[in-house]
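Bear in mind the structure is a predicted one, so any value in this text is a computation, not a measurement. We use all heavy atoms of the structure for the numbers below, so side chains are in, but hydrogens, waters and symmetry mates are not.
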Amino acid sequence: IVPFIPQAGSGTRSFWQSTIGSFGPSVTDSYTAGGAQHDVQEHDGTVTTQVPNAIVPFSIAQWIAQDNSADLEDYYGTVVNDRRVGAVLGSVSGVNPTVTVGGTEQLNTAFPISRPVFTVVHHAELSTNAALAAVFAGEDGLAYTATRPGTIDQLVITDFGFGDLTGGVTINNVTYHPGDTTSFRTN
């Protein structure tokens with residue numbers, strides 16, 4: 001196995017470093033292919049096609065969104081470039097990073113390596129900006145409850161690879177609820 005890490009400054013690199021500690025000398029953020037040096041890019045599986053036995057961290061949400069790229073463009077008019085380039089997600093301790101729900105691949109919120117991702121809005125604006133409040137305030141905020149056009153139960157948030165927060169999700173002993181506007185958490 002040849003371990004790689006994304007380029008300096010990437011969120012994925014920072015998360016992995018905080019999760020596993022020091023990388024050690026065998027982990028690098030660049031490789032040589034076609035006679036040229038290349039940086040390992042975040043959420044891009046190219047290194048796995050250029051270096052035999054390469055392994056690299058990859059965001060599960062990004063992997064799902066890239067896998068859904070054609071559907072995301074059809075349903076939402078959003079272009080997501082599929083840069084998986086044949087990369088596959090591996091399980092950890094027998095737990096798969098994705099699950100299939102209603103025929104759709106989604107983030108497995110029970111996967112043992114997880115990173116909460118937040119949308120931060122100015123709390124005071126929720127009381128003065130109705131559109132912002134409709135999207136982010138409370139458990140009924142559209143960011144958490146909007147469904148794919150033509151469906152009643154396929155959540156937009158899961159189409160883009162993020163977890164369904166309905167009922168709360170516990171990550172690293174902290175339970176997160178949709179539209180939580182009262183507590184400040186550090187990431």
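- Of the options Gln41, Gln17, Glu42, Gln7, a side chain to side chain donor-acceptor pair (under 3.5 Å) to Thr12 is made by Glu42 and by none of the others.
- Counting heavy atoms from C-beta outward, Arg148 and Thr151 have side chains that approach closer than 4.5 Å.
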Problem - Trace of the side chain to side chain contact (heavy atoms under 4.5 Å, CB included) decision for Ile55 with Val2 - result: CA-CA 6 Å; Ile55 186 170; Val2 183; over 6 Å; no

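- Taking the six-membered ring for Trp and thresholds of 30 and 60 degrees, Phe58 and His43 have ring planes more than 60 degrees apart, a perpendicular arrangement.
- Residue pairs meeting the ring pair (Phe, Tyr, Trp, His ring centres under 6.0 Å) criterion with at least one partner in residues 9-41, sequence neighbours excluded, are Tyr31-His38.
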Exercise for the section: Would you please test Val80 and Asn68 for side chain to side chain contact (heavy atoms under 4.5 Å, CB included) and show each step? Expected result: CA-CA 8 Å; Val80 174; Asn68 289 343; over 6 Å; no

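- The hydrophobic clustering, which links ILVMFWY residues whose side-chain heavy atoms are closer than 4.5 Å, places Val135 and Leu132 together.
- Tyr144 is linked by a ring-ring contact (aromatic ring centres under 6.0 Å, His included) to nothing, counting only residues two or more places apart in sequence or in another chain.
- Between Leu72 atom CG and Gln66 atom CD the span is 10.5 Å, to the nearest 0.5 Å.
- For the pair Trp63 and Ala87, the tightest heavy-atom approach, listed with the atom from each and the gap, is NE1-O, 3.2 Å.
- Using a 4.5 Å cut-off on side-chain heavy atoms (C-beta onward), Asn108 and Val95 make contact.
- Across Val85 and Thr49, no two heavy atoms sit closer than the pair O-CG2, 3.0 Å.
- Side-chain heavy atoms closer than 4.5 Å link hydrophobic residues (I, L, V, M, F, W, Y) into clusters, and following such links, even through other members, never connects Phe111 to Val174.
- When all heavy atoms are compared, the tightest approach of Leu165 to Pro178 is O-CD, 3.2 Å.
- Side-chain contact between Gln154 and Asp159 is present, with heavy atoms from C-beta onward closer than 4.5 Å.
- The two residues Gln106 and Ile64 have their closest heavy-atom pair at C-CD1, 3.5 Å.
- For Thr109, the side-chain contact (heavy atoms from CB on, under 4.5 Å) partners at least two apart in sequence or on another chain are Leu107, Val169.
- Distance check, rounded to the nearest 0.5 Å: OG1 of Thr104 to CG of Asp153 gives 8.5 Å.
- Side-chain contact, Thr98 with Asn96: no donor N or O sits under 3.5 Å from an acceptor N or O.
- For the pair Thr48 and Val51, the minimum side-chain heavy-atom distance is 4.5 Å or more.
- Residues satisfying the side-chain contact (heavy atoms from CB on, under 4.5 Å) criterion with Asp74, sequence neighbours excluded, are absent altogether.
- The CZ atom of Arg13 sits 12.5 Å away from the OG atom of Ser18 when rounded to the nearest 0.5 Å.
- Checked against salt bridge (charged side-chain N to carboxylate O under 4.0 Å, His left out), Asp39 has no partners two or more places apart in sequence or in another chain.
- Between the side chains of Gln37 and Thr32, a donor-acceptor pair is found at a separation under 3.5 Å.
- Under the 4.5 Å side-chain heavy-atom criterion for Ile, Leu, Val, Met, Phe, Trp and Tyr, Tyr76 and Phe162 are members of the same hydrophobic cluster.
- For the residue pair Pro97 and Leu89, the shortest heavy atom distance occurs at CG-CB, 3.5 Å.
- For Asp82, the side-chain hydrogen bond (donor to acceptor under 3.5 Å, both in side chains) partners two or more places apart in sequence, or in a different chain, are Arg84.
- Neither Ile60 nor Val117 shares a network with the other; the hydrophobic side chains, linked directly or stepwise wherever heavy atoms of I, L, V, M, F, W or Y lie under 4.5 Å apart, form separate groups for each.
- In this structure, CD1 on Ile113 lies 8.0 Å from OG on Ser93, to the nearest 0.5 angstrom.
- For the pair Glu105/Asp67, a side-chain contact is recorded, criterion being any heavy-atom separation below 4.5 Å from C-beta on.
- Note that the CD1 atom of Ile157 and the OG1 atom of Thr147 stand 13.0 Å from one another [nearest 0.5 Å].
- Contact between Val27 and Phe4 at its shortest, heavy atoms only, is CG1-C, 4.1 Å.
- No side-chain heavy atom of Ile5 sits under 4.5 Å from any side-chain heavy atom of Val56.
- Note that CG of Asp71 is 12.0 Å distant from OG1 of Thr78, once rounded to the nearest 0.5 Å.
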